[in-house]
Amino acid sequence: MKSGKLRSTCTMILAMLTSGIASAQIPDGYYDSLKGKKGAELKTAVYNIIKDPNVLNYGSGNNSTWWGYYVTDKTDDGYCIDRYTPKDEWNKFGSRGNVIGGMNIEHSFPQSWWGGSNCTLKKDLYNIMPCESKINSAKSNYGMGEVTDVKKTNGATKIGTGNGMQLWEPADEWKGDFARGFMYIVTAYQDYQNKWTSEGTKTLYNNTYPTLKEWASKLYLKWARQDRPDDLEIKRNEAVSQIQGNRNPYVDFPNLMEYVWGDSVDYTFDPATTLKATDYKGGNPDTPDTPDTPEDGTLYTADYKSFDGNCTIKNVTLPEGGTYVWTRTSNYGWKGSAYISKQNKAADAYLILPEMDLTAYTSATLNFTQALNFCKEPESYMSVEVICEGDTTKLDGINWPAGSSWTFYPSGDIDLSRYAGKKIQIAFHYTSDTTTAGTWEISTATVMGKKTADCIPTIVFDVTRPYEIYNLNGHKLSDTRNAKGMIIIRQNGNSWKKIMR
């Protein structure tokens with residue numbers, strides 16, 4: 001650790017930071033040595049720029065971690081940004097340098113991965129972020145990846161298993177942030193090549209390149225492409241750089257990762273012509289950006305045995321003597337019932353999924369897993385409905401079970417194409433009467449969509465004046481005669497996106 005280098009200027013720096021962080025300001029010449037390099041050579045060149053940061057002391061108090069968090073992870077209204085926890089559960093900061101009750105310093109790269117020594121990586125603000133203590137403890141020293149079997153979640157971070165290992169998975173809005181954080185660590189600390197141990201060896205090779213195992217690099221590249229740096233991530237990069245004296249280059253240049261691990265390892269990198277994070281955000285107010293070429297994907301998926309899926313409940317008629325119809329259990333998921341005190345009761349209640357945006361989709365399907373007992377006429381009592389533009393419509397094409405067992409059955413793919421281009425909510429509608437009060441259990445639900453490119457507005461720019469053209473990976477194009485898919489046009493500080501057919 002370089003413990004003394006910035007201490008004399010820390011007070012001045014934090015005063016500057018609290019008065020407002022400007023958009024990313026890369027020092028002149030900072031990345032010049034990267035020009036003309038690719039792959040392993042490029043990664044080492046980045047390492048030589050960003051290694052040996054001037055880290056703060058670890059813990060609380062002046063010139064320590066929580067003192068730094070006060071400017072790197074504080075919202076304008078004083079809340080602590082906790083990337084592991086739902087936003088409505090964030091806590092407010094107290095005095096600068098003080099620990100927030102119930103929160104920890106969390107290492108996205110667990111300390112056990114390098115043996116737990118009190119080294120620079122333990123204190124690097126690009127690796128440590130504030131985190132609520134319970135989810136911090138639950139994620140243990142697991143690797144970061146796609147969790148396919150959720151064991152625990154707080155609504156933001158998932159913990160469970162996937163890819164044959166124990167993993168944690170961040171919320172979609174933070175996946176790019178954490179992916180670029182991992183890329184920074186395996187680059188800035190590539191001299192730790194013989195230190196990776198414990199669970200870390202499932203994610204990392206003990207070498208300087210590529211360091212990330214293939215499954216990890218592929219996944220983190222995917223997450224980083226889908227979630228490019230936003231204002232908050234750019235602002236944090238700037239704030240940390242003013243404290244530590246180094247930057248995360250994978251934030252500054254979102255496509256740098258492609259030249260190190262991705263689709264451009266056979267191309268040389270040039271920081272002078274490569275798109276920066278802020279270039280992806282530019283636009284002409286008269287010709288708004290079109291989105292990136294969309295992909296098919298999952299709009300919603302939930303295992304209700306693990307968490308509530310952000311569902312809401314609307315009770316129309318509660319059963320006599322009862323206080324609810326829908327409840328959730330860890331064994332079965334959501335359960336609807338109006339059988340109380342060994343009697344069938346009349347009831348009417350909805351379990352409503354969160355709103356789904358189908359405006360960029362041409363088709364979509366719903367499938368869910370259900371069990372139904374004590375209800376031999378399912379369609380007379382139970383229904384799945386779509387709420388759209390103020391109307392509620394019952395869905396057809398559901399594979400209903402016989403209604404006489406606890407066995408879970410798949411619903412089959414239920415077509416939602418009529419709602420393409422709209423925003424919808426899906427509701428599981430439970431009804432009963434004094435003759436039939438079935439028990440309806442919903443264990444999982446998934447909505448998949450098929451996208452198409454949005455309508456492309458006319459791009460208006462002056463072809464007689466200098467302009468530059470890039471593909472989405474940041475390669476500067478000499479012309480567009482052979483270009484396919486999305487390109488970015490830059491002129492006079494403005495950026496436009498255009499699809500080439």
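The first residue in the sequence is number 1, and the count goes up from there.
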If you define the side chain from C-beta out and look only at heavy atoms, does anything of [X] sit under 4.5 Å from [Y]?
X	Y	value
Leu416	Val386	yes
Ser33	Ile49	yes
Leu125	Thr65	yes
Tyr126	Ser108	no
Cys80	Met103	yes
Trp174	Asp227	no

Main chain of [Y], side chain of [X]: is a donor-acceptor contact present, judged purely on distance under 3.5 Å?
X	Y	value
Glu132	Lys134	yes
Tyr209	Val260	yes
Asn127	Lys123	no
Asn163	Met165	no

Could you list all the ring pair (Phe, Tyr, Trp, His ring centres under 6.0 Å) pairs where at least one residue sits in residues 151-172, not counting sequence neighbours? Tyr84-Trp168, Trp168-Phe178
Would you list the pairs meeting ring pair (Phe, Tyr, Trp, His ring centres under 6.0 Å) in which at least one residue belongs to residues 27-47, sequence neighbours left out? Tyr31-Phe253
Can you list the steps and then say if Arg236 with Asp73 is a salt bridge (Lys or Arg N to Asp or Glu O under 4.0 Å)? CA-CA 7 Å; Arg236 190 179 200 273; Asp73 297 281; 2.8 Å; yes
After noting the C-alpha distance and the side-chain angles of Glu238 and Arg247, does the key distance pass the salt bridge (Lys or Arg N to Asp or Glu O under 4.0 Å) rule? CA-CA 7 Å; Glu238 187 67 22; Arg247 308 180 65 84; 3.1 Å; yes
Around atom [atom1] of [X], are there more than 12 heavy atoms of other residues, nucleotides or ligands at under 6.0 Å?
X	atom1	result
Tyr79	OH	no
Lys218	NZ	no
Asp76	CG	no
Lys37	NZ	yes

Just jot down the side chain to side chain contact (heavy atoms under 4.5 Å, CB included) partners of Ser64, sequence neighbours excluded, or say none.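 Once residues adjacent in sequence are excluded, the partners of Ser64 under the side chain to side chain contact (heavy atoms under 4.5 Å, CB included) criterion are Asn57.
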Verify the ring-centre separation between Trp261 and Tyr250: is it less than 6.0 angstrom?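 Tyr250 vs Trp261: aromatic centres under 6.0 Å.
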Determine whether the aromatic ring centres of Trp196 and Phe109 lie less than 6.0 Å apart. yes
In chain order, what residues pass the ring-ring contact (aromatic ring centres under 6.0 Å, His included) check against Tyr205, with sequence neighbours excluded?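 By the ring-ring contact (aromatic ring centres under 6.0 Å, His included) rule, Tyr205 matches no residue at all.
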Which heavy atom of Ala216 sits nearest to which heavy atom of Thr203, and what is that distance?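 Nearest pair, atom of Ala216 first, then Thr203: CB-CG2, 3.9 Å.
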Measure across Thr153 and Ser306 and return the closest heavy-atom pair with its distance rounded to 0.1 Å.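 So the minimum-distance heavy-atom pair works out to CG2-O, 3.9 Å.
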Residue pairs passing the salt bridge (Lys or Arg N to Asp or Glu O under 4.0 Å) test where at least one lies in residues 143-165, sequence neighbours excluded: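 Qualifying pairs, neighbours excluded: Glu146-Lys222, Asp149-Lys151.
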Can you say whether the rings of Tyr220 and Trp223 are parallel (under 30°), tilted (30 to 60°) or perpendicular (over 60°)?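 The rings of Tyr220 and Trp223 sit tilted, inter-plane angle from 30° to 60°.
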Using 30° and 60° as the class limits, which term best fits the ring planes of Tyr300 and Tyr304: parallel, tilted or perpendicular? tilted
Rounded at 0.5 Å granularity, tell me how far CG in Asp177 sits from CD1 in Ile81. 10.0 Å
Ring pair (Phe, Tyr, Trp, His ring centres under 6.0 Å) for Tyr70 and Trp67? Distances and angles first, verdict last. CA-CA 5 Å; Tyr70 195 85; Trp67 191 72; 9.3 Å; no
Before giving the answer on salt bridge (Lys or Arg N to Asp or Glu O under 4.0 Å), spell out for Glu173 and Arg83 the whole-Å C-alpha distance, their side-chain angles and the decisive distance to 0.1 Å. CA-CA 9 Å; Glu173 66 180 305; Arg83 293 160 179 82; over 6 Å; no
With sequence neighbours excluded, what pairs up with Asp303 under the salt bridge (charged side-chain N to carboxylate O under 4.0 Å, His left out) test?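 Once residues adjacent in sequence are excluded, the partners of Asp303 under the salt bridge (charged side-chain N to carboxylate O under 4.0 Å, His left out) criterion are Lys305.
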